[in-house]
Amino acid sequence: MTSKIFVALDTPDLDRAKAIAASVKGHVGGIKLGLEFFSANGRAGVREMVGFDLPIFLDLKLHDIPNTVAKAVQALRPLKPAILTVHAAGGRAMMEDAKAAAP
């Protein structure tokens with residue numbers, strides 16, 4: 001049975017994130033990459049982490065007008081995150097547009 005636990009890689013340091021992912025790979029169900037990691041490493045950093053063959057929880061806490069969030073979700077689709085956070089405070093229309101833009 002695969003673990004349902006995701007490990008938070010809350011670091012902007014790509015090498016450190018990769019070292020942690022390598023050490024937990026056989027023990028967890030996925031890895032969480034947050035805004036700090038994404039701001040420092042961008043899409044290229046996420047693509048490097050995909051190489052560990054673990055589901056990715058992309059914790060960016062999207063919250064903006066519905067169209068902007070939908071476009072952000074579309075832009076993130078090629079990264080194939082298993083989980084992507086969207087703030088409910090953005091309202092029903094924003095959440096519906098985000099869902100429609102997701103694969």
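Position 1 is the first residue of the sequence, and the numbers go up from there. Here the structure is a predicted model, which means the values were calculated and not measured.
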**Message:** Would Asp53 and Lys25 count as a side-chain contact (heavy atoms from CB on, under 4.5 Å) here? Give the steps.
**Reply:** CA-CA 8 Å; Asp53 199 29; Lys25 181 178 164 93; 3.7 Å; yes
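- The shortest distance between side-chain heavy atoms of Val50 and Ile56 falls below 4.5 Å.
- In this structure, CZ in Phe37 is found 9.5 Å from CG in Leu58, a value given to the nearest 0.5 Å.
- Rounding to the nearest 0.5 Å places CG of Leu9 at 11.5 Å from CG of Asp59.
- With hydrophobic clusters built from ILVMFWY side chains whose heavy atoms lie under 4.5 angstrom apart, Val69 does not share a cluster with Ile83.
- A heavy-atom distance below 4.5 Å is not found between the side chains of Asp64 and Met94.
- Annotation: side chain of Leu35 is not in contact with side chain of Lys61 (no heavy-atom distance under 4.5 Å).
- Side-chain atoms of Phe57 and Leu84, non-hydrogen and from C-beta on, never get closer than 4.5 Å to each other.
- For the atom pair CD (Gln74) and CG (Asp97), the distance works out to 9.5 Å, reported to the nearest 0.5 Å.
- Closest approach of Arg77 to Ala101, counting heavy atoms only: CD-O, 3.0 Å.
- The distance from the CE atom of Met49 to the NZ atom of Lys32 is 12.0 Å, given to the nearest 0.5 Å.
- A heavy-atom distance below 4.5 Å is found between the side chains of Glu48 and Leu14.
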- Query: Between Val86 and His63, does a side-chain contact (heavy atoms from CB on, under 4.5 Å) hold up when you go through it step by step?
  - Reply: CA-CA 6 Å; Val86 176; His63 179 223; over 6 Å; no
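- Between Phe6 and Val24 there is no side-chain heavy-atom pair separated by less than 4.5 Å.
- Residues Leu60 and Leu76 meet the side-chain proximity criterion, which asks for heavy atoms closer than 4.5 Å.
- Sparse packing is recorded around NZ of Lys80, with 12 or fewer heavy atoms of other residues, nucleotides or ligands lying under 6.0 Å away.
- Annotation: side chain of Glu96 is not in contact with side chain of Pro66 (no heavy-atom distance under 4.5 Å).
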